[in-house]
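Numbers restart at 1 for each chain; the letters A, B, ... are given by sequence-line order, proteins then strands. Every heavy atom of this structure was used, including side-chain atoms; hydrogens, water molecules and symmetry mates were not.
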Amino acid sequence: MQGAGEEERRASIPPRVVAWFAQNARDLPWRRPGFSAWGVLVSEIMLQQTPVARVIPRLEQWLDRWPTPDALAADSPAEAVRAWQSLGYPRRALALHAAAMAISERHAGVVPDDMDALLALPGIGDYTARAVAAFAYGRPVPVVDVNTRRVLARAVHGQGEAGPARTRADLAAMQELLPSDPTEAQAFNAGAMELGQTVCVARSPRCEACPIAELCAWRAAGYPAYTGPAAPRQARYEGSDRQVRGLIMRALRHSDGPVPAEAIELLWPDAVQRERALAGLLRDGLAVGAPETGYRLPD
DNA sequence: AAGGCGTGGGT
DNA sequence: TACCCAAGCCT
């Protein structure tokens, strides 16, 4: 049993990551001094399954146009979906608009700072609620995203991959390491994510640049191949309903008036799949209309 | 609780 | 070229 040495090794991880982050944090919009809680919330929604580089320009445009929840709530869902452009998963734009409405109506236009109120907002799940609480309000709650999970899997557990998400266990592991000082906790939350995103990447990790390489359990074990349960793989996109939905949404975004049913038909040859995709969009509230009237974004 | 849900860059 | 991957959420 190497309990004492193991505890010491783990305890060394957070301060190293925090020190590394202080020197290596990228200059990102949401790290600017005075960046609003609303800005943090918008950025976190945009960053759900979308790379940083694609989010930055869209985020700045969005906040220029809608600098507060009230401003967005006063505009239409259609405008939100249009401004989302091709960021992907446009249901996020719809949810963000609905969240702005809820913040405007239920929270006097102020982004909530507690987990329960945040979780009650559409499009905000466990990760995003924690991220807003931690990064917008400095709450010392553990924040665990896919990058942090990979860092913990490797450095702490000696596994090359994180495997399927296990939220409770992942949060407990992060909580174990989280510094008690709120400022340090915030830096460790952000630093672990940054490390996973820029150094401890999924493929070809750059261990020579890693601040905790000599503390890393995976490295110490000789980088054993991962043999645990595999994370679920995302379905093929080409030819999928998602692709058809994407084509229809693009047509709706780019049209001033309703898009005629005949125009929709030209977007995809397979009628069954096309109708299924359209029905899904209607059900999701991303499109409204009927065959006779044509289809448009929700007002 | 497994699978649906966009899009585009990297290898 | 195909496939992988990305600050998840929802049902």
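Pairs passing the salt bridge (charged side-chain N to carboxylate O under 4.0 Å, His left out) check and including a residue from residues 91-101 of chain A, sequence neighbours excluded, read A:R91-A:D284.
In the set C:dG8, B:dG6, B:dG10, the nucleotide with an atom closest to the side chain of A:V146 is C:dG8. Listed nucleotides: C:dG8, C:dC4, C:dC5. Nearest to the side chain of A:R233: C:dC4. Checked against B:dC5, B:dT7, C:dC5, the side chain of A:S86 finds its nearest nucleotide in B:dT7. Listed nucleotides C:dA6, C:dC3, B:dG6 differ in distance to A:R236; the shortest reach to its side chain belongs to C:dC3. When each of B:dC5, B:dG6, C:dA6 is scored by its nearest atom to the side-chain atoms of A:Y237, the top-ranked nucleotide is B:dG6.
Counting non-hydrogen atoms under 4.0 angstrom, A:P51 reaches a base of the nucleic acid. The residue A:D284 sits apart from the nucleic acid: no heavy atom pair falls under 4.0 Å.
Taking atom CD1 on A:I45 and atom C1' on C:dC9, their separation rounds to 9 Å, with Å as the unit. Atom CD in A:Q234 sits about 9 Å away from atom P in C:dC4, given to the nearest Å.
With the nearest nucleotide of DNA chain C identified for both A:P122 and A:R54, A:R54 has the one nearer the 5' end. For the pair A:I124 and A:T50, nearest-nucleotide mapping onto DNA chain C gives the more 5' position to A:T50.
A:I56 and A:M193 end up in the same hydrophobic cluster when Ile, Leu, Val, Met, Phe, Trp and Tyr side chains are linked at under 4.5 Å.
As rounded to the nearest Å, C:dT11 and B:dG6 have P atoms that lie 14 Å from one another. The same atom, P, is picked in C:dC4 and in B:dG3; the two are 16 Å apart, to the nearest Å.
Regarding contacts with the backbone of C:dC9, a side-chain N or O of A:T128 is found under 4.0 angstrom from either OP1 or OP2. Checking the phosphate oxygens (OP1, OP2) of C:dA6, no side-chain nitrogen or oxygen of A:Q49 falls inside 4.0 Å. Side-chain nitrogen and oxygen atoms of A:R245 include at least one within less than 4.0 Å of the OP1 or OP2 phosphate oxygen of B:dG6. Contact between the side-chain N/O atoms of A:R150 and the OP1/OP2 oxygens of C:dA6 is found at a separation under 4.0 Å. Contact between the side-chain N/O atoms of A:Y89 and the OP1/OP2 oxygens of C:dC9 is not found at any separation under 4.0 Å.
Inspection of the A:T167 and A:D170 side chains reveals no N or O donor paired with an N or O acceptor under 3.5 Å.
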